[in-house]
**Student:** 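A single structure is presented below for examination.
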Amino acid sequence: MSAGKLKLVLQDSSEVEVEPGISARELAEQVNGELVERAIAAKLDDEIMDLARPIERSGVLRFLTESDDDEDALYVLRHSAAHVLATAVRSIWPDAGIGFGPPIAEGFYYDFDVKHPFTPEDLEKIEARMAEIVAGDEPFERREVGRAEAKELFADDPYKLERLEEIPEGDAISVYCDGSFLDLCRGPHLPSTGQVKHFKLLHAAGAYWRGDERRQMLQRIYGTAFFEKSHLEEYLRRLEEARRRDHRILGKELDLFSLQEDVGPGLIHWHPKGAMIQFLLRRFLEDELLKRGYDFVYTPHIARETLFRKSGHLQAYSEVMFPAMGMEGEKEDYRVKPMNCPFHMEIYASRQRSYRDLPLRYAEIASDYRNEKSGTLHGMLRVRGLTMDDAHIFCRSDQIEDEIYELLDLAAYIYGTFGLEYRLDFSTRPQKRIGSDEAWDQAEDALRAAIERRELAYAVDAGGGAFYGPKIDLKFLDAIGREWQGSTIQLDFVLPERFDLAYVGADNQRHRPVMIHRAIYGTFERFIGGLIEHFAGAFPVWLAPVQVRVLPVSEELDAAARNVSEAARAAGLRAELDNRAETLSYRIRDGELQKIPYLAVVGKREAEAGTVAVRHRGAEQKQVVMPVSEFVKQVVAEDRSRTLA
RNA sequence: GCUGACGUAGCUCAAUUGGCAGAGCGGCUGAUUUGUAAUCAGCAGGUUGCGGGUUCGACUCCCGCCGUCAGCUCCA
């Protein structure tokens, strides 16, 4: 390599030598004139940079082009779109304060400090102004400035000044300018505003400055942008689609659950069909827990405050607990429980335990009540009355790894049965914690060993553990790609201490057991809410509240149809008869809209032959005629096998 | 909890500048007896979320509360 030159590896693996300070754009001109037209930015190793930025080091260089399949390209586009948004807002409201405006997973936002929050009409106005700015095709110009100059430039922008203070001494301070708008910004950006082709502002909402609820609330505008118009339209269609599979809407349409204003927010009423799903999930899990060596326990819904003082909930968790219930003539107030662990601790402590007894696994499907902030409630996915499939495992420290391994196996089995993909988060010791470093080392090692023994991919959330122990969370994705925490497996050093739990070891000495909190579904509310969206309401046979609906073609076939539905019921299926005085078409349509897996039509021909004309939801073949016995056998087999189709 | 928007029949939505609260679906009744995604007709259904206020008159304007939605914060 010639002295002083840089060596760049291009995406076709060719290597070029260039003078330091050459811009990506100049390089593109040298290499391939066509690239200049298409390139919007460059990526040198892991750093995305403007086309106009001088290249000062060797590395692998890739040109980013206008592609909605390229996350990096979208990142640049959306970042620039955020700037166009801010440019528009500033041009309409010159005294609007500006916060941050980053690209995010599906778009971008920008935070503004304005006297009056944005109205939907404002958004339209802003969008129109943005279109003008894009049409104006102003170049994004980057400039590096000194700290003093930066302070001067942003003298009227307190949020930018605050950010400026955080940029370490010695780091470059860059500003970007597009037309009249100047922003303190790291970049990178598109060459000009004209390339922000297809964008849409979605909504405005308040957002705390720096995400801190004690600080100023700014007004955030969300939007998205794509290079291709069709992709923007597709995205907006997908938002519509998401709405159609929203569990709150399906819950109403399929009559699964409701919330009642009289009763209170976040308190779910399970209607018969929703309750059936919960029942099926319970039965499935409980059968599995029996096989896996659990004991079932039942504990009260309320307890004296003494208990929660002992457990520490009153001190650490009181803001989420419902207020104390005073009792005439009782010295001590009662509380409704937010968790079940203290009760299970009491059962453990109720007698002496031997090392031979361990592990002990206490399972309880229990209702807990938590006074979650009103603004966070969301259908079934975040509620105040929650039904956990809770369990507490008491074991010796040498048993932790095997227990965790077993729990991961159980979770994998359960999630697999529903066809849910999940992600593992391993949260390690936080700053504020109790317990010795040795205990934490041992606990974290045991968790990690169990995860790795199962060869599971996981993300580490360093410092994300609870103050009483590290944890593993399972997050499942619904069909729209939103992430929800379902399972949680948490080690606890604190409660065994607080309740002075012990077992007698082989050495005839008193030892402290380790406790594991765990929930596989998490809560039935959230899990089933997630399932509704995952299946878009079309539950597989084994979960469908109604599996078979039998439709007589006309009134004189009622008896024959009833025989079919009774045969199905006798075989353990959930079958019903729809002999309403409506046309067959009407009843078929209703059955389809209710997403019932099997509609079995009984006409004269079927009645005479002992068959049914079966319409299977989603099947290619619209209907198949088969003997009643065969039909029942088939659905029973599908039910037993928990087939997902 | 915070910011904003919204709240009309079981559901989805109308109702001009403040002037008699309506439609479709659903429900009920009757007719029709139906062969694979909506048969026809009639009827019932509302203190317009709740409570105040302004006004001759409030679904409409103002205030408070409750709830819902979006986001922030927080979390199963």
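Residue numbering restarts at 1 for every chain, and letters A, B, ... go by the order of the sequence lines.
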**Student:** Which pairs of donor and acceptor atoms, one on a side chain in residues 266-279 of chain A, lie under 3.5 Å apart (sequence neighbours left out)?
**Tutor:**
from     : atom 1 : to       : atom 2 : distance (Å)
A:His269 : ND1    : A:Ser258 : O      : 3.4
A:His269 : ND1    : A:Leu267 : O      : 3.4
A:His271 : ND1    : A:Asp255 : OD1    : 2.7
A:His271 : NE2    : A:Ser258 : OG     : 2.7
A:Gln278 : OE1    : A:Arg282 : NE     : 2.9
A:Gln278 : OE1    : A:Arg282 : NH2    : 2.8

**Student:** Counting primed atoms plus P, OP1 and OP2 as sugar-phosphate and everything else as base, spell out the protein contacts along nucleotides 33-42 of chain B at 4.0 Å heavy-atom distance: B, S or - for each nucleotide, 5' to 3'.
**Tutor:** BBBBBBB---

**Student:** Tell me whether the rings of A:Tyr110 and A:Phe112 are parallel (<30°), tilted (30 to 60°) or perpendicular (>60°).
**Tutor:**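 Parallel.
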
**Student:** Quick check on contacts: within residues 253-274 of chain A, what sits under 4.0 Å from RNA chain B by heavy-atom distance?
**Tutor:**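 Per residue number, the list reads A:Glu261, A:Pro265.
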
**Student:** Using a 3.5 Å limit for the pairing distances, which stems of at least 3 consecutive Watson-Crick or G-U wobble pairs does RNA chain B take part in?
**Tutor:**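 In RNA chain B, stems of three or more pairs: B:1-7 with B:66-72, B:10-13 with B:22-25, B:27-31 with B:39-43, B:49-53 with B:61-65.
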
**Student:** Applying side chain to side chain donor-acceptor pair (under 3.5 Å) to A:Tyr468 and A:Gln490, what does each step give before you reach the verdict?
**Tutor:** CA-CA 9 Å; A:Tyr468 48 77; A:Gln490 311 184 351; 2.6 Å; yes

**Student:** Quick one: are A:Thr428 and A:Asp461 in side-chain contact, heavy atoms under 4.5 Å?
**Tutor:**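 Counting from C-beta outward, A:Thr428 and A:Asp461 never come under 4.5 Å.
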
**Student:** Could you list all the side-chain hydrogen bond (donor to acceptor under 3.5 Å, both in side chains) pairs where at least one residue sits in residues 600-615 of chain A, not counting sequence neighbours?
**Tutor:**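 Of all non-adjacent pairs touching residues 600-615 of chain A, those that pass side-chain hydrogen bond (donor to acceptor under 3.5 Å, both in side chains) are A:Glu592-A:Arg615.
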
**Student:** So for A:Arg210 and B:rC72, does any side-chain atom that can act as donor or acceptor lie under 3.5 Å from a complementary atom in the base?
**Tutor:**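 When only heavy-atom distances are counted, A:Arg210 does not reach the base of B:rC72 through any donor-acceptor pair under 3.5 Å.
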
**Student:** Do any N or O atoms of the protein come closer than 3.5 Å to N or O atoms of nucleotides 62-64 of chain B, and which pairs are they?
**Tutor:**
none

**Student:** For A:Thr299, does its backbone N or O pair with a side-chain atom of A:Glu364 as donor and acceptor, under 3.5 Å?
**Tutor:**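 Yes, A:Glu364 side chain to A:Thr299 backbone: donor-acceptor pair under 3.5 Å.
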
**Student:** Has A:Arg215 got more than 12 heavy atoms of other residues, nucleotides or ligands less than 6.0 Å from its CZ?
**Tutor:**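 Yes, CZ of A:Arg215 has more than 12 neighbouring heavy atoms, counting only those of other groups under 6.0 Å.
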
**Student:** Mark yes or no: A:Arg335 above the aromatic ring of A:Phe308, with NZ or CZ under 6.0 Å from the six-membered ring centre and no more than 45 degrees from the axis.
**Tutor:**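 So A:Arg335 doesn't make the cation-pi contact.
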
